[in-house]
Amino acid sequence: MNKYEEFFDGALTEKPWKAAIYIRLSKEDEKVGESGSVIAQREILKEYVRQQGNIEIVDFYVDDGWSGSNFSRPSFERMISDIEAKIVNCVIVKDLSRLGRNYIETGSVIDSFFVERNIRLVVLNNGIDTASGSMNAATQCITVGVQNVINESVIATTSVNIRGTLNVRRQQGKFIGSFACYGYEKSPDDRHRLVIDEPAAQTVRQVFRWFVEGKSIIGITKTLNAMGVPNPSTYKKQKCPNYKHTSGKNNDGLWCESTVRRMLENEMYIGNMVQGKNKKLSYKSKKCVSVPKNEQIIVENTHEPIIDKETFEKAQSLFNRSIRTAPEKTEVDLFAGFVKCADCHRAMSKKTNNHSYGTYKYYRCVTSHKMYKGACTPHSIRIDKLENAVLTAIQTMIDTAVELDALLEKINKKAAKNGEGFAEKSLKKLIDERDKTKKMMLELYPDWKSGVISKEEYLALKNSMDNKAKELDKKIADLEKMIKEDNEKSKQNDFLSHFARHGKIERLTRPILTELVDSILVHSDGNITINFKFTDAYEQIAEYIEQTKQKYLDDIA
């Protein structure tokens, strides 16, 4: 006698039956309409028990909203505990998929756990009753095994279908998460659209402002905690009692450095929908892994931004710099991440020198000290001298930007006074000529039909005018493109917009440095090279002004 025959034989002697009515309904089941509701399952199973007469219901074990691939369901685990405590000796389900959809684990529960404890299993829709003599042991074993395989294949197919549907929504820029990221909330009119949550958004703006102004990430973290600002998880819990932190760890309400860093790197705050950052390893596993940036689904301009793109880009540029902050400090040093050796291009280290005549701070290249003497030559510069030199250079660039901006204003006024510019007049002339050519083409056909010209003359003239019209169309397109580019150079020039707006500055600050300077190279002789941002834009606007002056503004010096 095998284990199934022993099980079935022993089960027949157990009377009356103490039954666990097990019911499960997952979110996936609701989407595909696969099974009845919890209420429907309960009524069907109650009616079955009423008809049997020798089954007593111990309790209803209901897992509503739980996937069949997950066997850590609260009511399922409670039922298993009651079986081990010998409170239950019979389990009744509507179909095998309610018990579970994982072939291996479901089979283990039925073939091992139930058999070893002499538990009767009744599956209504699949016609399985291990206490019935109408089906022999081998047949029931095969039926259960095959059905479990089918159930697992269903959840695999369902998982693929649902993932595909969600990806389509992600690519459309629709938000599909359960909870919006900190600073936003779901629109009451459309749950797939995000709107700004102003109280949290104020904190987001302050964090970016602090970081760009020179506050370190650890300094921002300490300040937020000292101010008593609840961290994102606590804030979400206050707004949504059903919110559960994904890590499952206890939340003490405090901010940590990683939370601040993720906020500063999050494109959601500039209006871009970023989804698909994590994915499950398998439909059988709840473990998630991070998805590389280039594989995430990002749709631009889907919702109102909290942070402007300029501020966001400033913050990102700071992440690419080597910045260290002493534990007792919350502010980043003025030049941290900017000063590099001109020869080895490594970041220079800040040092302090104490002398009888006073204390001064300086930057020095430590490559030869850390690696070997021949790796680089000594480079150093006092910080006070560096600050004066950089301030003077920035002031000079600002003066240049102001001068170019004034020239551009004169050019624009002169162009407005003269009416249309040279390019605009040329464009108008080309358009008139093209319209005239097309009109002449239309007049050729009546001339041919009336006998004024022959068919051969008509075809030759039509072909010639058609080619001329195509040439004019190309010239018009090229000239329109040139005019558009010139307008962009004069109206949206990055060099002018970033430098000229500062006017006269008397003191160098980290926000100004972050906005205008890319790097500072220190040479062995103590001289420095400052690599400014927007140098391409400077060359463009300088070239545009020179060309425009030569074209029709000879009186502008």
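Predicted, not measured: the structure shown is a model, and the values here were computed from it.
The shortest heavy-atom contact between Phe71 and Gly100 is CZ-CA, 3.8 Å. Between Ile528 and Ala389, the shortest heavy-atom contact is CD1-CB, 3.8 Å. The two residues Gly173 and Met273 come nearest to each other via the heavy atoms O-CE, 3.7 Å. Contact record, Ile220 with Val207: CD1-O, 3.8 Å, taken as the closest heavy-atom pair. Nearest approach of Lys215 to Thr223, heavy atoms of both residues: CE-OG1, 3.1 Å. Taking both residues in full, the closest heavy atoms of Arg364 and Lys351 are given as NE-CE, 3.6 Å, listed atom of the first, atom of the second, then distance.
The side-chain contact (heavy atoms from CB on, under 4.5 Å) with Val390 is formed by just one residue from the set Val339, Leu516, Leu508; it is Leu508.
A salt bridge is defined here as a Lys NZ or Arg NE, NH1 or NH2 lying under 4.0 Å from an Asp or Glu carboxylate O, and Lys314 with Glu310 meets this definition. In summary, Asp197 and Lys239 engage in a salt bridge, as defined by a charged side-chain N under 4.0 Å from a carboxylate O. One finds no salt bridge joining Glu185 and Arg193 here, because no Lys/Arg side-chain nitrogen approaches an Asp/Glu carboxylate oxygen to under 4.0 Å. Classification of Asp384 and Lys361 as a salt-bridged pair fails, no side-chain N sitting under 4.0 Å from a carboxylate O.
Other residues, nucleotides and ligands place no more than 12 heavy atoms under 6.0 Å from the CD atom of Glu304. Dense packing is recorded around CZ of Arg501, with more than 12 heavy atoms of other residues, nucleotides or ligands lying under 6.0 Å away. Annotation: Arg346, atom CZ; neighbour count of heavy atoms from other residues, nucleotides and ligands within 6.0 Å does not exceed 12.
Proximity of Ser72 to Trp66: side-chain heavy atoms (C-beta onward) are nowhere separated by under 4.5 Å. Ile512 has its side chain within reach of Ile505: a pair of non-hydrogen atoms, C-beta onward, lies under 4.5 Å apart. Looking only at side-chain heavy atoms (C-beta outward), Asn531 and Ile520 stay at 4.5 Å or farther from each other. A 4.5 Å side-chain heavy-atom check between Ile431 and Leu472 finds every atom pair outside the cut-off. Between His502 and Ile398, some side-chain heavy-atom pair lies under the 4.5 Å cut-off. For the pair Ile297/Val274, no side-chain contact is recorded, criterion being any heavy-atom separation below 4.5 Å from C-beta on. A heavy-atom distance below 4.5 Å is not found between the side chains of Asn272 and Val299. Under the 4.5 Å side-chain criterion, counting only non-hydrogen atoms from C-beta, Cys376 is in contact with Cys341.
In this structure, Arg382 is positioned above the aromatic face of Tyr360, its NZ or CZ under 6.0 Å from the six-membered ring centre and within 45° of the axis.
With 3.5 Å as the limit, one finds no donor-acceptor pair spanning the side chains of Asn70 and Ser67. If you check the side chains of Arg205 and Gln202, you find no donor sitting under 3.5 Å from an acceptor. Remark: the Asp190 side chain and the Ser187 side chain contain no N/O donor-acceptor pair separated by less than 3.5 Å.
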Trace of the side chain to side chain contact (heavy atoms under 4.5 Å, CB included) decision for Asp536 with Glu539: CA-CA 5 Å; Asp536 289 343; Glu539 292 173 358; 4.2 Å; yes
Worked verdict on Phe312 versus Tyr269 for ring pair (Phe, Tyr, Trp, His ring centres under 6.0 Å): CA-CA 8 Å; Phe312 186 80; Tyr269 295 123; 8.3 Å; no
Ile270/Glu313 under side chain to side chain contact (heavy atoms under 4.5 Å, CB included): CA gap, chis, key distance, verdict: CA-CA 10 Å; Ile270 57 173; Glu313 288 170 0; over 6 Å; no
side-chain hydrogen bond (donor to acceptor under 3.5 Å, both in side chains) assessment of Thr311 paired with Asp308: CA-CA 6 Å; Thr311 301; Asp308 63 85; 2.9 Å; yes
Verdict with reasoning, Tyr363 to Leu386, per side chain to side chain contact (heavy atoms under 4.5 Å, CB included): CA-CA 9 Å; Tyr363 278 103; Leu386 176 65; 4.1 Å; yes
Step-by-step salt bridge (Lys or Arg N to Asp or Glu O under 4.0 Å) determination, Asp333 to Arg510: CA-CA 8 Å; Asp333 288 327; Arg510 189 165 176 84; over 6 Å; no
Intermediate values then yes/no, side chain to side chain contact (heavy atoms under 4.5 Å, CB included), Tyr362 and Ile381: CA-CA 6 Å; Tyr362 64 99; Ile381 187 169; over 6 Å; no
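Between Tyr538 and Phe495, the ring centre distance stays below 6.0 Å. For Tyr182 and Tyr235, the distance between ring centers is under 6.0 angstrom. Taking the six-membered ring where the residue is Trp, the centroids of Phe175 and His192 are separated by 6.0 Å or more.
Atoms CD1 and CD, on Ile298 and Glu300 in that order, are 8.5 Å from each other to the nearest 0.5 Å. We find the CG-CG distance between Leu407 and Leu496 to be 10.5 Å, quoted to the nearest 0.5 Å. Remark: Ser519 OG to Phe338 CZ distance equals 9.0 Å, nearest 0.5 Å. With rounding to the nearest 0.5 Å, the separation of CG in Asp399 from CG in Leu404 is 11.0 Å. With rounding to the nearest 0.5 Å, the separation of SG in Cys181 from CG in Leu194 is 6.5 Å. Note that the CD1 atom of Ile217 and the CE atom of Met263 stand 11.5 Å from one another [nearest 0.5 Å].
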